[in-house]
Amino acid sequence: MANSPPANDQRPSGAADSEYAVELVGINKSFGAVHANKNIDLKVKRGTVHGIVGENGAGKSTLMSILYGFYTADSGDIFVNGEKVSITDSRHALRLGIGMVHQHFMLVENFTVLENIILGAEDSALLTPSLARARAELATLAKDYSLEVDPDAVVEEVSVGHQQRVEILKALYRGAEVLVLDEPTGVLTPAEADHLFRILEQLREQGKTIIFITHKLREIMAITDSVSVMRQGEMVRTLATADTDPAELAELMVGRRVLLQVKKGAANPGETRLEVRDLVVKDEMGVVRVKGVNFEVKAGEIVGIAGVAGNGQSELLEAVSGMTAPVLGDVIVSGKRVSFHGDDGAGRLRKAGMAHVPEDRQRMGLVTSYEEWENSILGYESDKRYGAGLSLDIPAARNEARRRIEKFDIRPADCRLKTAKFSGGNQQKIVLAREMDRELEVLIVGQPTRGVDIGAIEFIHSQIIAMRDAGKAILLVSVELDEIRSLSDRILVMFDGNLIAEVDPADADERTLGLYMAGVEEPATESDAVAAP
Amino acid sequence: EPALIYDAAGKFDKSFNEMAFGGAEMYKAETGNDYSDLEISEDSQREQALRRFASRGANPIVVPGFTWAEPVAVVAAEFPDTNFAIIDAVVDAPNVRSVLFSEQEGTFLVGALAAMKTETGTVGFITAFDFPLLQAFGCGYVQGVKQINADVNVLQNFIGTGFDAFSDPNTANEIGISQLERGADVIFAAAGGAGEGALRAAAEAGKFGIGVDSNQNYLFPGNMLTSMVKRVDVAVANAFTDQLNGEFTAGTQIMNLESGGVSAAMDEFNEALITDEMRATLEDLTARIISGEIKVHDYRSDNSCPVS
Amino acid sequence: MSYTAILFLLDSSVRLAVPLLLAGLAGLYSERAGVVDIGLEGKMLGAAFAAAAAAAVTGSAWIGLLAAIGVSTAMSMIHALASINMRGNQIISGVALNFLALGTTIVLGDAWFKRGGITPTLSLDQRFGPIELPFVAEAANVPIIGELYVQLISGHNILVYVAFLAVPVTAWVLFKTRFGLRLRACGENPTALDTAGISVYFLRYKALVVTGVLCGLAGAYLSIGQGANFTDNMTAGRGFIALAALIFAKWRPWGLLNTCLLFGFLASLQIRLQGLELPGIGQVPVQAIQALPYILTVVLLAGLVGRAIPPKAIGQPYIKER
Amino acid sequence: MSARTELPRWVTLALMPALNVALAFVIGGLVVLAIGESPLEAIQILMFGAFGYGEGWGFTLHFATNFVFTGLAVALAYQAGLFNIGVEGQAYVAGLALVAGLAVDQIHWSVVLITTTLVAMALGAIWAAIPGYLQAKRGSHIVITTIMFNFIAAAFMSYMLTQVFSRPGANSETETLDAIGRLPLLREFMPFFGRSPVNITIFLAIAALIGVYYLIWHTKLGFKIRVLGQNPNAARYAGISAVSIIIITMALSGALAGMVAVNEAVGVQKRLIIGYVGGYGFVGIAVAFMGRSHPVGVLLAALLFGALFQGGQELNFEMPSVSSDLVVIIQALVILFTGAMSEMFRPALERLFIRAKPPPEKAVAPAPPANQPKSSGEQGSGQ
Ligand SMILES: Nc1ncnc2c1ncn2[C@@H]1O[C@H](COP(=O)(O)OP(=O)(O)OP(=O)(O)O)[C@@H](O)[C@H]1O
Ligand SMILES: Nc1ncnc2c1ncn2[C@@H]1O[C@H](COP(=O)(O)OP(=O)(O)OP(=O)(O)O)[C@@H](O)[C@H]1O
Ligand SMILES: [Mg+2]
Ligand SMILES: [Mg+2]
């Protein structure tokens, strides 16, 4: 805690021209036994970009939700433009000019972009005039801030970056002067993130105030003017960005020195463990998303698949891991062709020695209403070591869960706790522990560090490399170029359902990769991609 | 004090439970004596209910409905000094009176009336669901129709597939309309409370309906040809008064045309609709049935009907 | 089958479809807002009783209709209280309402009319009688179209026209108005609605009021439109069939119209097929014909209609952390 | 400021339901008062009728046995995320087991018991597995299909009872089981139960409760069923076949529903009659959800409904002005208050418990936050 909260009456009241757009004083918030915000103070200057960093569960989102009126603080004061306000609900916050782009998007997925934009901000009881005005306004905003969206696209059918632009537009459409962005880049590709930063620059130039939450220190350094660090519900320090560096921020966040660079030796590839032949995959809507893909992964190497989200990586992962049956093609694990008959292909692949860390842990990798130990056997529940015959050997499962909690430093160390109560980073560790801590040949990892704080990232990366060094074949899919480049031994670039290039990480600078990912440059070497049948 | 326990369909089913209630009320009005009654809600409560009344000294205990047969047999054996009466089933015990109705004879008569009344040559029959007792109504009706004119076509429809069909007047109404559209101009609705829906359809189309169980002629005066009356009330009242007068007898009682147990209702509401000729034919048929010259087939005897 | 017979068949389909349609639309508002409604049956039953009782006492069908709407809406508000404010289980709440209506209608009916819950039969002027549309006399002479107009289009009671009108109105409300936009958002992602500054609770209440009103119309149709009195349990499962129709129609108003007409058609076809003799087989058991609409529904569902994806937030109480 | 506390376990599991039942009786009492009878007397009769003497207990347990079967059937399916609204029809079709019982009628009651149990479970399983199959393979919504199967069952059984198995001269019912073949009633060895119909099927109900509990929480199949119910995506990820789990779960659910036939048709009615299920399947929905789809909850809810059915009948008998329909109203109120409005008293109780137990946390911050002590009931109230 930097300074003691000033008494309210000391504040110059009615100072509408205060240099601070937003001031939070002495904010406290508890969820049951969790004290998510402890006496937080935060001042944000108008017309600046203010960053907030902190570990998973530090209380960043909670603080912002209080500012946005989504939660009510247990105690503390909020000043907007120097005036004390009590924000009772989001409608109120919007009226005060505060807009927020949530960590989990608040979009109605089967609505069009336009419908999402006007939801709650309709002009009249009939939609047609509102839609027309929104369409016009959107065109203007698009021009002013280069925020292009297709107003008639259905949200669930557009890319995440696109969805995020919709969220920003939603806030601007409502006249937001202060824009809170909660981990906006967690799901973006570098190109999309750059685009976002340009937008934020423009917004700042127009005099808007931006509060920007992220786990990526590079981004903090790149666009913020000042930065606050939170840890375990407390505000640790607020600094001018120019006066600090990533190492210092990381240390403030985690409370110890953090390795920001992945350390790994040369790969030592052995025999082929995973072979994918002519794979063609359709999505739920029947659209061909993977158009005949060939590749292989050898023991002791990490093959990274890079690509802009939505180019078929997710579908590729789902097919290779057995979750969806491909239309055509084979997946061969350790020389054995896998059958995709039935809807339990993932189970057969597990038996064949494949482990899979899914892209979306909450939606697929975990049953969040389960206790930790139950998730620790998910997918392996039929294993003999959790009981012979039909019954489940609960003590055995719990013991193993406890052992993994220790080995992977999962916190809190309680295998009987509901998984939903773990922070995002620890949830990811639960999945990793389950998938990695066993006999396996092939490991498939999707977005291993999405939304995870730097302390946990360090740990996860070192685990993946340790697996490789233990001779496992690893397939890594990530939209984080840094991650792909630092972990992979070979990089495959995916574009529009095809693998269009294979790149050596040594000579894969961000620009080259970016061009490949945009499908711009034809691969220099001959790729083994085949056209769709 | 006598007691009456209704069947699962409940006291006010616009059908025989309600008739039984009417009989008890008749007894009350005539003798000034009170009675107890009870509705059961679960099948497994039957024995309990009978035993309750019996151990409280109720006598006789009357139960309308064949579903009582088994419980009555059990409880009657336990209480040899209590008299029981069951309607629509036979229980062979020294303290049980079994009352059976020859519904087919009554419906034969209303069928004959329908055949005499029809101008289109098509008449209708609507009942709740495929069920022997209800089929017996229908079978007697068809026999009566064919007795008058073998060329008259009889449309037969069922409302539903279980007892809940008795409380679906809307579907009955729709069925009634469909029969009218298919040319029927007289409709016999033997479906308890639901039947009224069909009778209304006939009345609103200016055609004729035939009621059931109690005399329903008053419902749509001028459009109710007659009603097939089944005197459950008389059976109940008889059991009560017989006991009062010390004349209660066990064994099987048949309530038929001869004993006045079933009949085609004639009253001021349908007076104008029945010509003298029809009346004469009806009297003739009644006499021939009573004499045994006409044998009306009972569907229940072999679960089938010789005509359709 | 003659043209007239076909018209009769369709006419009957329409009458049988109407209570399903009104109840289905009622369910649509509730479920689109994210609140499961298996209490349609009970609300309809309560409304049917209220309509018949009030019309019997006052002699006015309109007062009957108001009473029906009042009772059904009150029941809907109990559902709202349980499933919105108290975060209760929406299914139990619906089951409870069904039982409540079953018992209450009979107890009150018996107390008031002494006929075990059955209400007095209403004369034609005490209920909603058939309405003759303009030009019926002229149209009667026009072949085909005229006959269609006279037989099929004209001559229904007002609630039939209201029901059919309610379909485009619902479609319009759902897709063209602010209320509809919020309603749909509420059933898909109530948190999004909440962050947009709209009260999810209040909106769900509004939706359930509409549900109550429409169920009131459905009940009134049964007892003072198509029917002429109240009989215990007279809804006979129509609320459940309406629910099935709603799901079959994937929660869409026009789809619901088609589904209800299909159900109505199958029901009236069934009536006309009873006693059918097939060459070689003889008379088809009547139960087979009676089961036909349900079997066909199952077959159609399995064969033609794809997966029904319900509103995402359906059945879950919205819990706003504070 | 209203931070949510976690109430002690005994409060959520015992006090709150008790308060809700009490409230239901208060409102029900008002209804009784409205018809001019004494609510206290009514409650007394109801309680005495249900629990006051052996025969009352016997009836209560007999009804509860049916509700255990139907409640478990709904609950088990719900664990897999399936809403089986068709228990009524499944139990109805399973009634045909009586016909199989008639075939072995002359051997020994134990043969009848085993035969009818197996056949009833098989028939119920088939009647439920078809909707399960259609949902799993064709995407037909289980709610519609099971509703339709209730209607189809009614028609099918009407045909079977009227045209196929009907005893000649009788009204759509089968032959009656012979005395040798009848299942023993508990009263035959425990005279305590008076003349009540509770029979040895109750032991099967107890076995079913334990079996379902074990299945769901202690077997691999149960684990998979729950994963599917909680998160179908996770099931697909885990390689759990939704198709087979849905079909198996529905079949098991239907088999439980079918057990009503053994208790009610074979055990008590001893013959099969039209519409013999009489709504037990629909009450089972309330039982399952009030019991939060947990066998212990199902047991308690089944006992509650058993008591209401029996006590209600007693009330109807002792207080003629309280009709059986009024008893239905009281049941509805109990369902409403203990089921749908079960959380009604939570906010008040939370306030009460916050005041009763001030936070023992050290006061560090100047403004002490509403920080709650971690109470014993960490798991909350189950799912
Ligand atoms: N609605 C809630 N109910 C209970 N606990 C909550 C709730 N929301 C947040 N918490 C808890 O409050 C703490 C702070 O959570 P918050 O979401 O603010 O963290 P964060 O800093 O945004 O983390 P991340 O980087 O993972 O997004 C965590 O321990 C979290 O588990
Ligand atoms: N649930 C709600 N929470 C907060 N404000 C609301 C809510 N519903 C409506 N409002 C606001 O209240 C005002 C009037 O609301 P009203 O209920 O009359 O209309 P509406 O529901 O928004 O739309 P419609 O007229 O189409 O029903 C509008 O400004 C509207 O934005
Ligand atoms: Mg966060
Ligand atoms: Mg409005």
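Residue numbers begin at 1 in each chain, while the letters A, B, ... track the order of the sequences.
- If you measure heavy-atom distances from D:Ile35 to chain C, you find no contacts under 4.5 Å at all.
- Atoms CD and CE, from C:Gln287 and D:Met160 in turn, are 10.0 Å apart once rounded to the nearest 0.5 Å.
- When each of C:Ile91, C:Val95, C:Leu102 is scored by its heavy-atom pairs under 4.5 Å with chain D, the top score falls to C:Ile91.
- Atom-to-atom distance recorded for D:Thr145:OG1 and C:Tyr294:OH is 14.5 Å, nearest 0.5 angstrom.
- Chain C forms the most heavy-atom pairs under 4.5 Å with one residue out of D:Gln135, D:Met341, D:Met290, D:Gln163, and that residue is D:Met341.
- Between chain C and the residues D:Phe289, D:Phe337, D:Phe83, D:Phe149, the most heavy-atom pairs under 4.5 angstrom are made by D:Phe289.
- Nearest heavy atom pair, residue C:Met86 against residue D:Glu343, reads O-CB, 3.4 Å.
- For the residue pair C:Gly237 and D:Phe151, the shortest heavy atom distance occurs at O-CZ, 4.3 Å.
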Take D:Ser140 and C:Val298, measure what side chain to side chain contact (heavy atoms under 4.5 Å, CB included) needs, and give me the verdict at the end.
CA-CA 8 Å; D:Ser140 314; C:Val298 171; over 6 Å; no
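- Taking a 6.0 Å sphere around CG of C:Leu276, one finds it holds more than 12 heavy atoms contributed by other residues, nucleotides or ligands.
- In this structure, C:Ala291 and D:Ala155 approach most closely via the heavy-atom pair CB-CB, 3.7 Å.
- Across D:Met148 and C:Ala244, no two heavy atoms sit closer than the pair CE-CB, 3.8 Å.
- Heavy-atom pairs under 4.5 Å with chain D were tallied for C:Leu246, C:Ile289, C:Thr105, C:Ile247; the largest tally goes to C:Ile247.
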Criterion side chain to side chain contact (heavy atoms under 4.5 Å, CB included) on C:Val286 and D:Tyr159, from CA distance to verdict
CA-CA 8 Å; C:Val286 70; D:Tyr159 176 74; over 6 Å; no
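- Ranked by heavy-atom pairs under 4.5 Å with chain C, the first of D:Val31, D:Ile147, D:Ile330 is D:Ile147.
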Verify side chain to side chain contact (heavy atoms under 4.5 Å, CB included) between D:Leu333 and C:Leu100, making sure each step is shown before the conclusion.
CA-CA 7 Å; D:Leu333 292 171; C:Leu100 195 63; 4.2 Å; yes
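- The parts of C:Thr104 that come within reach of chain D are both its backbone and its side chain, each placing non-hydrogen atoms under 4.5 angstrom from that chain.
- Atoms CD1 and OG1, from D:Ile152 and C:Thr297 in turn, are 8.0 Å apart once rounded to the nearest 0.5 Å.
- The CD1 atom of D:Ile335 sits 9.5 Å away from the CG atom of C:Asn98 when rounded to the nearest 0.5 Å.
- Taking 4.5 Å as the limit, every side-chain heavy atom of D:Leu336 sits out of range of all side-chain heavy atoms of C:Phe99.
- For C:Tyr201, the OH atom sits in a packed shell: over 12 heavy atoms of surrounding residues, nucleotides or ligands are nearer than 6.0 Å.
- Residue with the most contacts toward chain C among D:Val328, D:Ile329, D:Val334: D:Ile329 (heavy-atom pairs, distance under 4.5 Å).
- Interface residue D:Leu134: only side-chain heavy atoms are found under 4.5 Å from chain C.
- Using a 4.5 Å cut-off between heavy atoms, C:Ile295 touches chain D through backbone and side chain atoms alike.
- For a residue to count as touching a neighbouring chain, one of its non-hydrogen atoms must lie under 4.5 Å from one of that chain's; by this rule C:Ile78 touches chain D with backbone and side chain alike.
- Rounding to the nearest 0.5 Å places OG of D:Ser342 at 6.5 Å from CD1 of C:Ile92.
- The environment of NZ in D:Lys137 is sparse: at most 12 heavy-atom neighbours from other residues, nucleotides or ligands sit within 6.0 Å.
- Considering every non-hydrogen atom in both C:Ala96 and D:Ala332, the closest pair reads O-CB, 3.6 Å.
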